[in-house]
2 protein chains.
Amino acid sequence: MASEIEKRTLDRYLEEHNLKHTKQREAILEVFLSLKGHVTGEELYGKVREAHPQVGYTTVYRTLKLLCAAGLANESHFDGGITRYEIQHEHHDHLVCTRCGKIIEFDCEMIETAQERIAKEHGFRVLRHRHELYGHCADCREAS
Amino acid sequence: MASEIEKRTLDRYLEEHNLKHTKQREAILEVFLSLKGHVTGEELYGKVREAHPQVGYTTVYRTLKLLCAAGLANESHFDGGITRYEIQHEHHDHLVCTRCGKIIEFDCEMIETAQERIAKEHGFRVLRHRHELYGHCADCREAS
DNA sequence: GATGAAATTGAATATGATTTTCAATTTCAG
DNA sequence: CTGAAATTGAAAATCATATTCAATTTCATC
């Protein structure tokens, strides 16, 4: 079903930290991976319940933090102040449609390079970054 | 005291929207402008009370929203999910030190251009953007 | 300057997202 | 299988922010 690689990553993390492998954690990981988007804790909770009605709200939140710690997920705060989680893969930036909420990912070599230069100018060592463009997507522009 | 230009901007906004000019609003604007940083509602409330102990929490929050609506302030959600407000001047991006919390502003023509190109490729119309580099500033790197 | 309708204030309460608490349950090393 | 340690989940606690509402203030008009 779910990607074996991620399951193994989680298992390794659990072992290394003397944590236990539970069916809830596995279930939540599986659902999280199947979604592929940028989910809130609440959304994920809803989806998890469809397949596993016994899982609690709290466990979903806790597991999401765990997945971040294990390097499988990533927190981001888009405008509005709601926390969303996304699968941690190669870094990408986002185009966010403020009408329909669609999120498109992009990548730009030139920007990455420029960032490095700016950081160096300020004596900064960059560990990570976020770059989001907010506006209206093609579909919403047509619709209006 | 405070910048007359901003006061006039606020007054104009209030008039245009049939809102009233109150001493609280003026006081909050004045303190907000004097801070020049990226404040949370709570921080601003603390500062406002130093000079005007009678002003309530609620009024500070409400006025912050008002200042945004009037184009004098700007909301941003840095990592951690706490809302911060900054004075609205020319657009700039941020270098955020994750150790000491320092926030440095920067600007880059090349990045702006690249953004425009990417947006166009996706049929997106960009209204605003955020671009934040997280890492360690020069001071914190030395200290470690 | 007085008047009163409409807007504003602020204390308290509500909200919504996330976290903590804690007793009961589950995992896993031995 | 056993028991110690970790985990779960329901409920309660937090934390930031928003809403309610009676009392107060503003301001256009007299």
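Proteins come first, then strands; the chains are lettered A, B, ... in the order of their sequence lines, and each starts at number 1. Below, each value reflects all heavy atoms present in this structure, side chains not excepted, and no hydrogens, waters or symmetry copies.
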E75(B) CD - dT17(D) C1' separation (whole Å):
11 Å

Against the side chain of Y61(A), the closest entry in dA17(C), dG10(C), dT27(C) is dA17(C)

Starting from P on dT19(C), measure out to CD on E42(A) and report it in whole angstrom.
13 Å

Any Lys/Arg nitrogen of E6(B) or R8(B) sitting under 4.0 Å from an Asp/Glu carboxylate oxygen of the other?
no

Judged by atom type as modelled, is there a donor-acceptor pair below 3.5 Å linking the side chain of R25(A) to the main-chain atoms of K20(A)?
yes

Residue pair V60(A)/E15(B) against DNA chain D: nearer the 5' end by closest nucleotide is V60(A)

If you compare every side-chain N and O of T83(B) against the phosphate oxygens of dT17(D) (OP1, OP2), does one of them come in below 4.0 Å?
yes

Ion pair present between D139(B) and R99(B), side-chain N to carboxylate O less than 4.0 angstrom?
no

So if I apply the side chain to side chain donor-acceptor pair (under 3.5 Å) rule between E75(A) and each of Q88(A), R84(A), K65(A), which one comes out positive?
K65(A)

Y57(B) OH to dA16(D) C1': how many Å, rounded?
7 Å

Expected rows: protein N/O vs nucleotides 3-7 of chain D N/O, under 3.5 Å:
unit_1: dA5(D); atom_1: N3; unit_2: K20(A); atom_2: NZ; d: 2.8
unit_1: dA6(D); atom_1: O4'; unit_2: K20(A); atom_2: NZ; d: 3.1
unit_1: dT7(D); atom_1: OP1; unit_2: K20(A); atom_2: N; d: 2.8
unit_1: dT7(D); atom_1: OP1; unit_2: R25(A); atom_2: NH1; d: 2.5
unit_1: dT7(D); atom_1: OP1; unit_2: R25(A); atom_2: NH2; d: 3.2

Grab the OH-P distance between Y45(A) and dG16(C) for me, whole Å please.
16 Å

Min side-chain heavy-atom separation F124(A)-C97(B) under 4.5 Å
yes

In whole angstroms, how far is the P atom of dA16(D) from the NZ atom of K65(B)?
15 Å

Rounded to whole Å, how long is the line connecting atom CG of L44(A) with atom P of dA17(C)?
15 Å

Just wondering, do D93(B) and H129(A) contact through their side chains at under 4.5 Å, heavy atoms?
no

K102(B) NZ: over 12 foreign heavy atoms closer than 6.0 Å:
yes

Flag the pair R12(B) and E16(B) as a salt bridge only when some basic side-chain nitrogen lies within less than 4.0 angstrom of an acidic carboxylate oxygen.
no

Length of the line joining H52(A):NE2 and dT8(D):P, which is rounded to integer Å:
13 Å

Of the options dT26(D), dA11(D), dT26(C), whose atoms approach the side-chain atoms of K23(B) most closely?
dT26(D)

So what is the end-to-end bend of the helix from dG1(C)-dC30(D) to dG30(C)-dC1(D), with 5 pairs used at each end and the value given to 10 degrees?
30°

When you check the gap from the basic side-chain N to the acidic O, do K120(A) and E116(A) get nearer than 4.0 Å?
no

To the nearest angstrom, the CD-C1' distance between Q54(A) and dA24(C) comes to 16 Å

